[in-house]
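Right, one structure below, let's go through it.
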Amino acid sequence: MIDANMLSKALEHLIPATQFYYFETIDSTNLFLKTKTEIKENTLSCCIADEQTAGRGRFGKMWLSPKGVNIYCSIGTSLPSARQNVSGISLALSLSVLRAIKIYIPKQTLFVKWPNDILCEHKKLCGILIERYGNQLIIGIGINVNNRFDERYLQPEKPCGSIYELTGKLTNRNELLIDLIDRISQDLTRFWKLGLSDFMTEWEAVDYLAGKKIKMSIDKKEVVGFSRGITSEGQLKFEDSQGKMHLLISGNASLLSFL
Ligand code: BTN
């Protein structure tokens, strides 16, 4: 069970000036922060739900959000006046999420698939959707915690998994949420000060695509090539089969070889 009272108190203690919202059911926590709140300067707004009826994923996809099992959390913040460029922020924050999840999956290796999916044993455990509205940033995090995926609905080309499926243990979502939000808050401050450059070594250690043969869509064409890491702005360095390097800002990479 999510204990909203306990969460609100713990967050107030850890991150003063946090606005906290909890819903048993909501359409989307990202949408709530966008449409129903005013994100004030120097504060974090945090919306958590036990179920989403219209969870939003990247590229307009939906994010499956069943009740009582997973984490659906959005954090709203406003950009510091000195930092209008947020490129790379989703990569930096995916590392915060990875570190928070890692505590519950100590035996397996976790990876980040550019730009911000967390994977374990080639299965997606978590997705991050960052939306910017002028000066406001909404960081939406969905983590598959205690659910079991119904085999009938799994798409073999997009394997998903949960912490429970990997470990056989149920995770206390309240503890994970507190740790997660604390890490995000600290890494936001670090990112505003130092940018993605400060996260590069950590990224390289968990880069799922590094050196792999992948397929990308460039100008609506499918191009095969190799992933060659990222730039300090968070672009993917993609070398096509002619040896030409492309710097990609966004996209969806499909792995063509595990070698
Ligand atoms: C992805 O497509 O990988 C990103 C998924 C992000 C889902 C989270 S769940 C909490 C927040 N609210 C939403 O509607 N979406 C994000």
Side-chain angles (χ1 to χ4, degrees), residues 2 4 7 11 19-37 39 44-77 86 89-98 100-101 110-120 122-133 136-147 149 153-155 157-163 171 173-174 176-178 180-181 183-184 188 208-209 217 234 236 249-255:
I2 288 187
L7 278 177
L11 290 178
Q19 321 285 318
F20 179 76
Y21 308 91
Y22 171 75
F23 297 93
E24 271 182 30
T25 297
I26 199 168
D27 46 6
S28 150
T29 52
N30 266 34
L31 196 61
F32 171 80
L33 286 186
K34 179 192 166 193
T35 55
K36 302 279 190 317
T37 67
I39 298 164
L44 289 188
S45 295
C46 179
C47 178
I48 290 167
D50 199 30
E51 173 183 41
Q52 292 184 124
T53 52
R56 288 143 60 117
R58 291 173 64 224
F59 305 116
K61 293 194 187 131
M62 68 169 238
W63 183 256
L64 267 185
S65 311
K67 189 172 182 59
V69 279
N70 292 335
I71 282 179
Y72 317 114
C73 168
S74 297
I75 296 169
T77 188
V86 297
I89 195 167
S90 76
L91 285 72
L93 297 182
S94 65
L95 295 171
S96 337
V97 182
L98 182 146
I101 300 179
L110 299 185
F111 293 96
V112 184
K113 179 171 174 255
W114 180 88
N116 54 29
D117 291 345
I118 314 280
L119 267 63
C120 184
H122 308 289
K123 293 181 182 150
K124 178 164 167 171
L125 293 181
C126 166
I128 302 176
L129 175 69
I130 300 199
E131 300 181 282
R132 181 177 175 178
Y133 306 98
Q136 305 197 338
L137 207 61
I138 297 170
I139 303 148
I141 301 161
I143 307 178
N144 300 325
V145 183
N146 292 324
N147 66 317
F149 282 93
Y153 302 115
L154 280 177
Q155 296 166 278
E157 70 287 2
K158 286 186 200 133
C160 290
S162 69
I163 299 179
T171 294
R173 286 178 294 155
N174 298 304
L176 175 48
L177 271 165
I178 293 169
L180 174 75
I181 297 163
R183 285 172 196 271
I184 295 276
L188 271 173
Y208 179 74
L209 297 177
S217 165
L236 181 76
I249 299 166
S250 89
N252 200 1
S254 320
L255 209 58

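Hydrogens, waters and symmetry mates play no part in the numbers below; they use all other heavy atoms, side chains included. Counting starts at 1 for both ligands and their atoms, in listed order. Along the sequence shown, the residues carry numbers beginning at 1.
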Exercise for the section: Indicate, as side chain, backbone, both or neither, the part of Ile128 found under 4.0 angstrom from ligand 1 when only non-hydrogen atoms are considered. Expected result: backbone
Exercise for the section: In sequence, state the C-alpha distance, the side-chain angles, and the governing distance for Ile141 and Leu93, and then conclude on side chain to side chain contact (heavy atoms under 4.5 Å, CB included). Expected result: CA-CA 10 Å; Ile141 301 161; Leu93 297 182; over 6 Å; no
Exercise for the section: For atom 10 (C) of ligand 1, grab the closest protein heavy atom and report residue, atom and distance to one decimal in Å. Expected result: Thr29 OG1, 3.3 Å
Completion exercise
The answer for which part of Cys73 has a heavy atom under 4.0 Å from ligand 1 is backbone
Handout entry: Protein contact of atom 9 (S) of ligand 1 - nearest heavy atom, named by residue and atom, plus distance
Key = Gln52 NE2, 3.4 Å
Practice task
Answer yes if the ring centres of His122 and Tyr208 are under 6.0 angstrom apart, and no otherwise.
Solution key: yes
Problem - Polar side-chain atom of Arg173 near backbone of Gly68 as donor-acceptor pair, under 3.5 Å - result: yes
Problem - Side-chain (Lys113) to main-chain (Ala253) donor-acceptor, under 3.5 angstrom - result: yes
Problem - Which of the ligand 1 atoms, numbered from 1, are nearer than 4.0 Å to a heavy atom of Gly55 - result: 14 (O)
Problem - Beyond-backbone contact of Leu177 with Ile71, side-chain heavy atoms, under 4.5 angstrom - result: yes
Practice task
Considering only non-hydrogen protein atoms, determine which one is nearest to atom 1 (C) of ligand 1 and report residue, atom name and distance to 0.1 Å.
Solution key: Arg58 N, 3.6 Å
Problem - Short side-chain to backbone donor-acceptor contact, Ser45 and Ile39, under 3.5 Å - result: no
Handout entry: Reference residue Gln52; test side chain to side chain donor-acceptor pair (under 3.5 Å); the match among Asn70, Thr29, Asn30, Asp27
Key = Thr29
Problem - Leu119 CG to Leu110 CG distance, which is reported to the nearest 0.5 Å - result: 9.0 Å
Exercise for the section: Around atom 5 (C) of ligand 1, find the nearest protein heavy atom and jot down its residue, atom name and distance. Expected result: Trp63 CE3, 3.4 Å
Handout entry: Per-atom contacts of ligand 1 with Ser74, taking only distances under 4.0 Å to non-hydrogen atoms
Key = 11 (C), 12 (N)
Handout entry: Distance filter under 4.0 Å to Lys124 heavy atoms, resulting ligand 1 atoms
Key = 1 (C), 3 (O)
Exercise for the section: For ligand 1, note which part of Leu31 has a heavy atom under 4.0 Å away: side chain, backbone, both or neither. Expected result: neither
Exercise for the section: Just jot down the ligand 1 atoms closer than 4.0 angstrom to any heavy atom of Arg56, in number order. Expected result: 5 (C), 6 (C), 7 (C), 13 (C), 14 (O), 15 (N), 16 (C)
Practice task
Flag Tyr72 as yes when one of its N or O atoms lies below 3.5 Å from any N or O atom of ligand 1, and as no otherwise.
Solution key: no
